[in-house]
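A short worksheet on the structure shown next.
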Protein chains: 2
Amino acid sequence: MFTIDMQSRTPVFEQIVIQTEEFIRAGILNPGDKLPSVRELTGMIGVNPNTISKAYGELERRGITVSVTGKGCFIAKNITDVMKTAAEKKIPEFEKLAKELFESGISKDELIKKINSLNSNNIQLS
Amino acid sequence: MFTIDMQSRTPVFEQIVIQTEEFIRAGILNPGDKLPSVRELTGMIGVNPNTISKAYGELERRGITVSVTGKGCFIAKNITDVMKTAAEKKIPEFEKLAKELFESGISKDELIKKINSLNSNNIQLS
DNA sequence: TAACTGTACTATTACAGATAGTACAGTTTA
DNA sequence: TAAACTGTACTATCTGTAATAGTACAGTTA
């Protein structure tokens, strides 16, 4: 499930957060789904339980998961709204990057072409 | 000229690199232009000369500037090509971000609208 | 009760960014 | 020529963050 690159400059706990979000967008993880337990992931990835706990804490802080001691870590029921809201906060970042490429000599048409080529991998199960 | 945020998680030397690139795209810095000397910037920003030197070294490594001991640090003559090539390498990053926003519920139309609203700040002096 | 769940805490190691100080090689200018 | 400037190199040190190690605790499940 998770693919961790120990050589990456991106902290392990952050890689877990990022990949969890990617799995949600791809429809692999859905509302109410249970993530592997801290100790399961510890065994799978080969890192310290504290590192997993830190990732789960960050996911909960973002409203992406709900952790319950004794039960586990679950994808939030309102995950669709949470992801949409988070994405809207990233629009300025998108505009900044687009502006950078445009001012560097890449045409608007080429950028728009890239967007029109996007395909959703989201699988609707309901 | 340079605006450094000491509270930012982005290293100071990297902020200098990023802002230099921004000044070039905005037409504020042009081919052959001389950057402030290491010791001038040290005084302006209030950081260690080594930090400035590290930024200048990185700029030269990217082909953005040419440093000459005894003379100074200058914007490369072929800076337009260098910036275009660098931007092309960032297209996958652009596609990834666009895909993330799209899969999170932001429509293609909205993204395209943002691109069409872009205005170039580039000032042509020649 | 036993085995699981997430969480909290301290101590330690490792690494990157930044500072401090010094030194050197090359260029410009008076 | 000499002074003042330019970028660069080097070592030592400090700091903050990531990660590890080990232990412990509170709540849930079977």
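What you are looking at is a predicted structure, and each value in this text was computed from that prediction instead of being measured. Worth knowing before you read on, the calculation uses all heavy atoms, side chains too, and leaves out hydrogens, waters and symmetry mates. Naming: A, B, ... by sequence-line order, numbering from 1 per chain.
Contact between A:Thr51 and A:Val47 at its shortest, heavy atoms only, is CB-CG2, 4.2 Å. Smallest separation of non-hydrogen atoms from A:Ile79 and A:Pro31: CG2-CG, 3.5 Å. When all heavy atoms are compared, the tightest approach of A:Leu101 to B:Ala87 is CD2-O, 3.6 Å.
Under the side-chain hydrogen bond (donor to acceptor under 3.5 Å, both in side chains) criterion, A:Asn50 pairs with A:Asn48, not counting sequence neighbours. With sequence neighbours excluded, no residue satisfies ring pair (Phe, Tyr, Trp, His ring centres under 6.0 Å) with B:Phe74. Legend: residues meeting side-chain hydrogen bond (donor to acceptor under 3.5 Å, both in side chains) with A:Glu58, ordered by chain and number and at least two apart, are A:Arg61, A:Arg62.
For DNA chain D, the neighbouring residues in residues 37-56 of chain A, judged by any heavy atom under 4.0 Å, are A:Arg39, A:Val47, A:Asn48, A:Asn50, A:Thr51, A:Lys54. Taken residue by residue, residues 7-14 of chain B places heavy atoms nearer than 4.0 Å to DNA chain C at B:Pro11, B:Val12, B:Phe13.
Residue A:Gln15 is classed as having no contact, given no heavy-atom separation below 4.0 Å to the nucleic acid.
A residue-by-residue look at B:Lys71 and A:Met6 shows that B:Lys71 has its nearest nucleotide of DNA chain D further toward the 5' end.
A chain of hydrophobic side-chain contacts below 4.5 Å, direct or via other Ile, Leu, Val, Met, Phe, Trp or Tyr residues, connects B:Ile24 to B:Met1.
Between B:Thr20 and B:Tyr56, the closest side-chain pair of non-hydrogen atoms is not below 4.5 Å.
Nucleotides of DNA chain C with any atom under 4.0 Å from a heavy atom of chain B span, from 5' to 3', C:dG17 to C:dT28.
Hydrophobic cluster of A:Val66: the remaining members, joined at side-chain heavy-atom separations below 4.5 Å, are A:Val68, listed by chain and number.
Sorted by first and then second residue, the side chain to side chain donor-acceptor pair (under 3.5 Å) pairs with a member in residues 77-98 of chain B read A:Glu100-B:Lys90; sequence neighbours excluded.
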For residues 105-114 of chain B, tabulate all N or O donor-acceptor pairs below 3.5 Å that involve a side-chain atom, not counting sequence neighbours.
{"residue": "B:Ser107", "atom": "OG", "partner": "B:Glu110", "partner atom": "N", "Å": "3.1"}
{"residue": "B:Lys108", "atom": "NZ", "partner": "A:Asn116", "partner atom": "O", "Å": "3.2"}
{"residue": "B:Lys108", "atom": "NZ", "partner": "A:Leu118", "partner atom": "O", "Å": "2.8"}

Side-chain donor-acceptor pairs of residues 34-43 of chain A under 3.5 Å, sequence neighbours excluded:
{"residue": "A:Ser37", "atom": "OG", "partner": "A:Glu40", "partner atom": "N", "Å": "3.0"}
{"residue": "A:Glu40", "atom": "OE1", "partner": "A:Ser37", "partner atom": "N", "Å": "3.3"}
{"residue": "A:Thr42", "atom": "OG1", "partner": "A:Val38", "partner atom": "O", "Å": "2.8"}

Which pairs of donor and acceptor atoms, one on a side chain in residues 9-16 of chain A, lie under 3.5 Å apart (sequence neighbours left out)?
{"residue": "A:Thr10", "atom": "OG1", "partner": "A:Ser8", "partner atom": "OG", "Å": "3.4"}
{"residue": "A:Gln15", "atom": "OE1", "partner": "A:Asp5", "partner atom": "N", "Å": "2.9"}
{"residue": "A:Gln15", "atom": "NE2", "partner": "A:Asp5", "partner atom": "O", "Å": "3.0"}
{"residue": "A:Gln15", "atom": "NE2", "partner": "A:Thr10", "partner atom": "O", "Å": "2.9"}

Atom pairs, protein N/O to nucleotides 1-4 of chain D N/O, distance under 3.5 Å:
none

